[in-house]
Amino acid sequence: MSARVLIAGIGNIFLGDDGFGPEVVRRLPADLGGSARVVDYGIRGMHLAYDLLEPWDALILVDALPDTGEPGRVEVIRAESGGGAAGLDAHAMNPEAVFAAVRALGGQMPRTVVVGCQVETLAEGIGLSDTVAAAVGPAADAVRALAAELAVPQEA
């Protein structure tokens with residue numbers, strides 16, 4: 001039986017490259033086969049937290065990364081979902097706050113991987129910069145590969 005994998009696109013489409021996560025998941029089918037589910041959460045952190053109360057084996061977060069590297073660079077990061085007691089704004093999306101909310105609601109975080117892209121701009125406006133838009137396809141390919149990898153159940 002395949003492991004259950006949730007693929008969550010997160011970000012604010014009204015802030016330029018912050019809309020990277022939603023754009024990537026729009027390029028993926030809602031069902032990648034097996035037990036993978038693709039959802040555009042946008043900035044609905046509380047919605048994601050409640051969905052994570054279901055028994056998921058893995059989570060792939062697709063998100064814009066802070067402007068700390070070369071714009072348009074796609075990175076795959078194995079996330080640590082422990083610690084942190086960030087506050088949760090039900091109308092915002094801060095992954096660490098979502099992780100904290102899941103734990104506060106009695107849930108456990110599944111193994112988590114982030115597929116992210118270094119942003120060029122977070123200026124108000126709809127649409128990705130050309131540099132980040134060019135990274136959407138490679139990021140979608142990375143998500144597909146990770147979903148296939150994570151769909152294989154881990155042995156205890």
Side-chain angles (χ1 to χ4, degrees), residues 2-49 51-52 56-84 86 88-102 109-152 154:
S2 295
R4 294 187 68 219
V5 179
L6 178 60
I7 301 164
I10 60 176
N12 187 335
I13 64 168
F14 297 109
L15 294 177
D17 292 341
D18 197 46
F20 177 77
E23 185 61 33
V24 170
V25 298
R26 275 196 285 278
R27 299 270 182 102
L28 300 170
D31 179 358
L32 279 178
S35 298
R37 186 170 128 211
V38 180
V39 181
D40 175 2
Y41 286 96
I43 59 171
R44 297 169 301 150
M46 202 62 187
H47 183 178
L48 175 57
D51 282 355
L52 285 169
W56 296 100
D57 297 300
L59 168 66
I60 300 173
L61 287 176
V62 186
D63 196 7
L65 298 176
D67 187 11
T68 59
E70 181 182 340
R73 186 177 72 215
V74 174
E75 298 181 30
V76 176
I77 303 163
R78 305 281 171 168
E80 294 295 326
S81 59
L88 181 67
D89 176 350
H91 303 288
M93 177 55 77
N94 173 321
E96 206 38 58
V98 171
F99 298 163
V102 170
M109 286 298 301
R111 55 193 164 136
T112 301
V113 179
V114 177
V115 174
C117 179
Q118 292 289 328
V119 300
E120 184 172 314
T121 180
L122 296 176
E124 288 186 14
I126 297 176
L128 303 176
S129 65
D130 291 343
T131 305
V132 172
V136 170
D141 292 342
V143 169
R144 283 185 192 92
L146 278 167
E149 173 191 325
L150 294 170
V152 177
Q154 287 188 326

Open item on the list: On a heavy-atom basis, which atom in Trp56 and which in Leu6 lie closest, and how many Å separate them?
Closed with: CE3-N, 3.6 Å
- [ ] Calculate, to the nearest 0.5 Å, the distance between atoms CZ and CG belonging to Phe20 and Asn12 respectively.
- [x] 15.5 Å
- [ ] Measure the spacing between CG of Leu122 and CG of Leu15 and express it to the nearest 0.5 Å.
- [x] 6.5 Å
TODO: Test side-chain contact (heavy atoms from CB on, under 4.5 Å) on Val102 and Leu48 and set out the steps.
DONE: CA-CA 9 Å; Val102 170; Leu48 175 57; over 6 Å; no
Open item on the list: If I take atom CG from residue Asp51 and atom CZ from residue Arg44, how far apart are they, to the nearest 0.5 angstrom?
Closed with: 8.5 Å
- [ ] Please test Ile60 against Thr112 for side-chain contact (heavy atoms from CB on, under 4.5 Å), starting from the C-alpha separation and ending with a verdict.
- [x] CA-CA 6 Å; Ile60 300 173; Thr112 301; over 6 Å; no
Open item on the list: Which heavy atom of Ser35 sits nearest to which heavy atom of Ala3, and what is that distance?
Closed with: CB-O, 3.3 Å
Task: Spacing of Glu124 atom CD and Asp18 atom CG [to the nearest 0.5 Å] - done: 12.0 Å
Task: Value rounded to 0.5 Å, distance of CG in Leu52 from OH in Tyr41 - done: 6.5 Å
Task: Over all atoms of both residues, closest heavy-atom pair of Gln118 and Pro66 - done: OE1-O, 2.5 Å
Just list the side-chain donor-acceptor pairs under 3.5 Å for residues 130-141, sequence neighbours left out, or say none.
residue	atom	partner	partner atom	Å
Thr131	OG1	Glu120	OE1	2.7
Asp141	OD1	Arg144	NH1	3.0

Task: Minimum-distance pair of heavy atoms, taken over all atoms of Gly42 and Pro22 - done: CA-CG, 4.3 Å
Open item on the list: Between the side chains of Arg111 and Asp57, is the shortest nitrogen-to-carboxylate-oxygen separation below 4.0 Å, so that they form an ion pair?
Closed with: no
TODO: Write down the atom of Gly19, the atom of Leu128, and the distance for their closest heavy-atom approach.
DONE: C-CD2, 3.7 Å
TODO: Determine, for Glu23 against Arg26, whether the closest basic-nitrogen to carboxylate-oxygen distance falls under 4.0 angstrom.
DONE: yes
Open item on the list: Checking side-chain polar atoms at under 3.5 Å, does Thr121 have a donor or acceptor matched by the opposite partner on Asp17?
Closed with: no
Task: Side-chain heavy atoms of Leu150 within contact of Val113, under 4.5 Å - done: yes
Open item on the list: I want to check something: taking the side chain as every heavy atom from C-beta on, are Ile7 and Val143 in contact at a cut-off of under 4.5 Å?
Closed with: yes
Open item on the list: For a 4.5 angstrom cut-off between non-hydrogen side-chain atoms, does Arg37 reach Val5?
Closed with: no
- [ ] Please lay out, stage by stage, how Val76 and Leu146 fare under the test side-chain contact (heavy atoms from CB on, under 4.5 Å).
- [x] CA-CA 9 Å; Val76 176; Leu146 278 167; 3.8 Å; yes
Open item on the list: Applying side-chain contact (heavy atoms from CB on, under 4.5 Å) to Ile10 and Ile43, what does each step give before you reach the verdict?
Closed with: CA-CA 6 Å; Ile10 60 176; Ile43 59 171; over 6 Å; no
- [ ] Check Val119 against Ala64 and note the closest heavy-atom contact, atom names and distance.
- [x] CG1-CB, 3.4 Å
